[in-house]
Amino acid sequence: VRHLINRKLEHVEVTVFGDVSRKTYTMLEDVTLVHQAFPGISLEEVNTKAKFLGFDVNAPIMVTGMTGGTPELGKFNGTIASVVEELGLVMGVGSERIVIENPSSEESFRIVRRNAPTSPLVANVGMPQISRGYGLRELEKIVSVIEANALAVHLNVAQEVFQPEGETDYQEEVLGKLKDLSSQMGIPIILKETGCGLSMETVRKFSSYGFHNFDVSGQGGTSWIAVEKIRGERRGNWKSKSASLFSSWGIPTAASVIETKWADPASFVVGSGGVRNGLDIAKAIALGADIGGFALPVLEASLEGRDAVKQFLSEVEFQVKVAMLMSGSRDVSSLKKAPIVILGSLKDWMESRGITFSTYDKVRKGG
Ligand SMILES: CC(C)CCOP(=O)(O)OP(=O)(O)O
Ligand SMILES: [Mg+2]
């Protein structure tokens, strides 16, 4: 268990202080919300209310899962949860594997529901743990600790393959097991990547098993390959040299939102991965996401304290409102239909993947 606690603490240290983020691109820079000089509404009339898996939220902003497992990490979770509750947003927690392996770490997660009694909360566990024996008992514990409204199952093969102590168990059989477990749990399952994005092939595979909620977590933000490379170098692990070769492996977030919607038009999509502000969130929603998500900028703010978290998230909400106003979007459903232009690398990516803009435009608009 010591090694697990160490890893949790080292992950926060390396993601915040290491040079492991924004080394690649989300391709959101290739998306333009077309300026509407006469929006037809006032800023005050812009309605940012959104739905998160049936729950009402004040703005389409989610703090996605990042940490937990020790008293100090629980402090960060508690600070973030308190602000998420005040602003009426959504929050996920970091992997709760540590709750199963070290029950005394429960408190660092319990504090989230205590500080956010009414917010939609998302529990978190890795797909490798489900492959390696986690069953209903473990999953129900992971959900109950924060009285979660949904469970994110994270996919982090690119991280595990370079993690010195990593587990690369992603065999097909686990999807049948997860299907059985989800039918007994009564809360939605979200399939969540962790910085490398979801492809249309992978989304189709999940859809065929009845999974339709995705958190794309694409390339462009924190690189967990880079994180594990650093951890490996500290331990003289031979895999670290190869990790450098893969430092830009993955699907950029904008491309992953498009591929996910293309593959499963009726899916619920969190647009995350290198999202850093309200304009990124508005673009992700215009591309087809239902809500935008980020983790690192909120974690960094939580290290400075509650006021910094509240200021950051309040500014993001304002930025979303401004992007909605100037794209002529009175509410989030209009933002999903706002005129956009896709240029550069993202346009080339779509072409290579056989995605035509005209057909995609209908899909993103829910047509
Ligand atoms: C999910 C990932 C981005 C960060 C945690 O990775 P990890 O392998 O340490 O997570 P586990 O504690 O679930 O093994
Ligand atoms: Mg793991």
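Side chains included, hydrogens not; waters and symmetry mates left out as well; all remaining heavy atoms used. Every value quoted in this text rests on a predicted model; they were computed, and no experiment measured them. In each ligand, atom 1 is the first atom listed, and ligand 1 is the first ligand listed.
In this structure, F206 and F211 have perpendicular ring planes: the angle between them is above 60°, well past the 30° mark.
Among the atoms of R97, some N or O lies under 3.5 angstrom from an N or O of ligand 1. In terms of N/O distances under 3.5 Å, ligand 1 is approached by S95.
Within a 6.0 Å radius of NZ in K205, no more than 12 heavy atoms belonging to other residues, nucleotides or ligands are found. The 12-atom threshold is exceeded at NZ of K177, counting heavy atoms of other residues, nucleotides or ligands nearer than 6.0 Å.
Remark: ligand 1 atoms within the under-4.0 Å shell around heavy atoms of Q163 are 7 (P), 8 (O), 9 (O). Of all the atoms in ligand 1, the ones that sit under 4.0 Å from a non-hydrogen atom of H154 are 1 (C), 13 (O).
Nearest N/O/S atom of E160 with respect to the Mg ion (ligand 2) is recorded as OE2.
Contact analysis puts K8 in contact with ligand 1, with a non-hydrogen atom separation below 4.0 angstrom. Contact annotation: N156 has at least one heavy atom less than 4.0 Å from an atom of ligand 1. Under a 4.0 Å heavy-atom criterion, E160 is in contact with ligand 1.
Contact annotation: the side chain of K347 never approaches that of D30 to less than 4.5 Å [non-hydrogen atoms, C-beta and beyond]. Looking at heavy atoms from C-beta onward, K141 lies in side-chain contact with V99 at the 4.5 angstrom threshold.
Atom 9 (O) of ligand 1 has R7 NE, 2.7 Å as its closest protein atom, hydrogens excluded (heavy atom only).
Between the choices E165, E193, K192, Q159, the shortest heavy-atom distance to atom 6 (O) of ligand 1 belongs to Q159.
With rounding to the nearest 0.5 angstrom, the CD1 atom of I251 is 7.0 Å from the OG1 atom of T202.
Donor-acceptor pairing under 3.5 Å is recorded for the side chains of E85 and S119.
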